[in-house]
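All figures in this text were calculated on a predicted structure; none of them were measured in a lab.
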Amino acid sequence: MPHKWTGLAVDLGASSGRVMSGHFDGSKLEIAELHRFENEPVQLPQTLHWDVLRLYRDIKLGIRKGAVAARDNGTTLSSMGIDSWAIDFGLLDKSGNLLGNPVHYRDHRTDDMMEKVFGIIPKKDIFGITGIQFLQFNTIFQLAAMRMADSPLLPIADAFLLMPDLLAFFLTGVKANEFTNATTTQMLDAVSGEWSSALIEKLKLPRHIFREVVQPGKILAKLSPAVGEELGAPGLPLVAVATHDTGSAVAGTPARSERFAYLSCGTWSLLGTEVKAPVLNAKALELNFTNEGGINGTYRLLKNIMGLWLLQETRTEWQRQGKNVSWHEITALTAQAPAFRSFIDPDDNRFFSTGDMPKRVREFCKETGQEVPENDAALLRCITESLAFKYRWVLTRLEELCGAKMAELHMVGGGIQNTLLCRWTAAACGRPVLAGPAEATALGNISAQLLALGEVASLAQSRELIAKSFAPALYEPQDTRAWDDAYGRFEKVLK
């Protein structure tokens with residue numbers, strides 16, 4: 001059957017990006033990778049930046065490849081969408097010029113910034129307005145850092161655009177803020193869905209730079225005539241998908257019921273559930289959970305966990321030392337080490353920045369009176385088991401907030417390729433893990449496009465379509481008694 005719809009999903013992660021093609025024949029979805037590229041930050045003497053112009057160049061290459069492939073198949077592109085990591089942003093002047101390269105969220109400018117902001121606005125007041133988890137790199141603290149440093153950029157800025165908003169502007173010329181990513185800034189009112197005037201005024205930020213908040217699942221604009229002609233895709237609609245990659249990943253989760261838990265597993269791990277209204281009570285604040293906007297009027301009640309960054313940065317450090325270890329070898333090494341010897345808190349602040357991750361893991365174990373991992377295998381096992389246990393810790397508290405037990409955990413994203421982590425997560429959490437699809441983020445991006453163009457009628461229908469097209473793998477919990485016995489020791493290392 002010929003394709004009824006062909007579109008492009010631009011999916012940008014914190015370490016790499018790709019442009020995917022999606023095809024829908026009326027009953028089944030297919031996706032294929034058109035163009036993959038690195039997303040490496042650039043360290044200047046004082047600041048860590050994103051290389052946004054290189055990202056834009058690669059996105060254009062991917063669109064051009066998609067347009068050529070569509071023509072070769074006797075069809076045309078129907079739409080495209082962009083999703084990326086959250087929080088980071090660019091500023092434009094009145095002429096649409098970019099005011100400096102966007103700063104990376106791992107830059108040190110927000111060190112100690114949370115307490116400074118709390119001196120202006122109490123922590124509970126910020127949570128009561130936004131419902132967002134407190135993380136030192138949140139946009140609110142980045143903007144406050146600029147203001148307190150008397151940045152010359154804020155007075156001349158005309159538009160504040162998060163990363164996918166900025167890239168959409170480059171392609172279309174339209175300045176707007178998409179809802180799911182805007183919620184992560186900790187600047188959006190969780191009840192009204194609009195920018196919080198109270199926070200903007202108290203932090204003395206220019207109100208006019210914050211643009212219209214656009215809901216996902218709507219056509220934002222078409223490629224500008226010049227860009228459309230350059231890329232061979234004139235008039236291509238750009239859909240406001242769930243531009244926060246976690247929002248797209250959850251939209252692409254093939255859940256079988258409304259009550260489900262998900263774990264989006266990549267550089268960051270994000271564990272939560274979908275709710276119809278933000279949870280703003282004192283318990284959510286105490287547990288530092290977050291309420292991020294979703295698609296079709298939903299919210300994502302979740303908690304950020306450091307995630308595979310710990311393994312990625314460990315591998316990077318080994319490469320710096322001249323030791324090249326593949327991901328397959330990492331999994332094999334992890335399985336060789338004895339179980340439950342030592343644990344870390346994956347979210348300890350020392351693990352946040354780039355640097356010698358193996359050294360930091362060993363220091364944590366020594367400081368907490370545990371056996372120090374002596375070799376690579378023991379170190380990898382320590383990290384991986386600790387992640388599985390932290391997932392259990394967060395899932396338990398999610399259930400406390402919701403007042404209901406989650407029967408199963410949907411695990412999506414590139415992290416599901418680590419089959420040990422999937423299996424150990426099932427064992428640690430004591431419930432089945434449905435792993436897949438790995439490309440949930442791209443599929444959620446595509447789902448929003450199908451909704452915007454009327455190809456599917458609802459989010460539930462698109463999830464049924466994804467489940468039909470990409471069957472998840474099932475991991476049943478095994479050896480749970482041993483994991484239960486070790487969990488108490490893990491809890492003791494948490495601060």
What's the spacing between [X] [atom1] and [Y] [atom2] if we round to 0.5 Å?
X      : Y      : atom1 : atom2 : result
Ser84  : Asn445 : OG    : CG    : 11.0 Å
Leu55  : Glu38  : CG    : CD    : 11.0 Å
Asn296 : Gln215 : CG    : CD    : 9.5 Å
Leu434 : Thr253 : CG    : OG1   : 10.5 Å
Glu476 : Arg423 : CD    : CZ    : 13.5 Å
Ile466 : Ile446 : CD1   : CD1   : 8.5 Å

Got a salt bridge between [X] and [Y], using NZ or NE/NH1/NH2 to carboxylate O under 4.0 Å?
X      : Y      : answer
Lys175 : Asp158 : yes
Asp165 : Arg211 : no
Arg431 : Glu408 : no
Glu274 : Arg259 : no
Lys4   : Asp25  : no
Arg320 : Glu313 : yes

Could you tell me whether the side chains of His244 and Arg300 share a donor-acceptor contact shorter than 3.5 Å? yes
Less than 4.5 Å apart, side chain to side chain, heavy atoms only: is that true for [X] and [Y]?
X      : Y      : answer
Ile132 : Glu292 : yes
Met80  : Leu223 : yes
Thr298 : Val275 : no
Trp5   : His23  : no
Gln449 : Val241 : yes
Leu92  : Leu166 : yes
Thr185 : Trp195 : yes
Tyr262 : Leu409 : no

Positive for side chain to side chain contact (heavy atoms under 4.5 Å, CB included) with Pro164, one of Asn177, Asn181, Asp83: Asn181
Identify the residue among Thr334, Leu310, Val325 that makes a side chain to side chain contact (heavy atoms under 4.5 Å, CB included) with Leu380. Thr334
Heavy atoms from other residues, nucleotides or ligands near [atom1] of [X] exceed 12 (cutoff 6.0 Å):
X      : atom1 : result
Glu230 : CD    : yes
Glu229 : CD    : no
Gln46  : CD    : no
Lys276 : NZ    : no

For the ring pair Trp268 and Phe137, is the centre-to-centre distance below 6.0 Å? yes
Hey, can you tell me if Trp50 and His104 have their rings parallel, tilted or perpendicular (30° and 60° cut-offs)? parallel
So which heavy atom on [X] is nearest to which on [Y], and how close?
X      : Y      : value
Cys265 : Tyr391 : SG-OH, 3.8 Å
Pro437 : Leu443 : CG-CD1, 3.5 Å
Leu236 : Ser78  : CD1-C, 4.0 Å
Ile219 : Pro237 : CG2-CB, 4.1 Å
Tyr475 : Ala435 : CE1-CB, 3.6 Å
Leu301 : Leu398 : O-CD1, 3.7 Å

Any chance you could lay out the side-chain hydrogen bond (donor to acceptor under 3.5 Å, both in side chains) test for Ser469 and Glu30, step after step, and finish with the verdict? CA-CA 7 Å; Ser469 305; Glu30 296 177 356; over 6 Å; no
Just by distance, do the side chain of [X] and the backbone of [Y] share a donor-acceptor pair under 3.5 Å?
X      : Y      : answer
Trp424 : Thr419 : no
Thr139 : Ile87  : yes
Asp107 : Val103 : no
Ser248 : Asp245 : no
Tyr299 : Ala190 : yes
Glu439 : Ala442 : no
Thr273 : Phe260 : yes
His208 : Ala157 : yes
Ser462 : Leu459 : yes
Thr183 : Thr180 : yes

Within 45° cone and under 6.0 Å: Arg54 NZ/CZ vs Phe37 ring: no
Does the side-chain contact (heavy atoms from CB on, under 4.5 Å) test come out yes or no for Leu263 and Leu270, once each step is laid out? CA-CA 6 Å; Leu263 171 58; Leu270 302 105; over 6 Å; no
Apply side-chain contact (heavy atoms from CB on, under 4.5 Å) to Glu40 and Asp51, showing your working. CA-CA 7 Å; Glu40 296 179 355; Asp51 193 350; over 6 Å; no
Could you go step by step and tell me if Asn39 and Ser15 meet the side-chain contact (heavy atoms from CB on, under 4.5 Å) rule? CA-CA 5 Å; Asn39 183 12; Ser15 58; 5.8 Å; no
For His35 and Arg64: C-alpha separation, side-chain torsions, deciding distance, then whether side-chain hydrogen bond (donor to acceptor under 3.5 Å, both in side chains) applies. CA-CA 10 Å; His35 182 54; Arg64 186 180 291 115; over 6 Å; no
Residue of the set Asn291, Thr290, Asn304, Thr184 for which side-chain hydrogen bond (donor to acceptor under 3.5 Å, both in side chains) holds with Gln133: Asn304
Starting from the C-alpha separation in whole Å, work towards a yes-or-no answer on side-chain contact (heavy atoms from CB on, under 4.5 Å) for Ser21 and Leu8. CA-CA 5 Å; Ser21 62; Leu8 301 178; 4.3 Å; yes
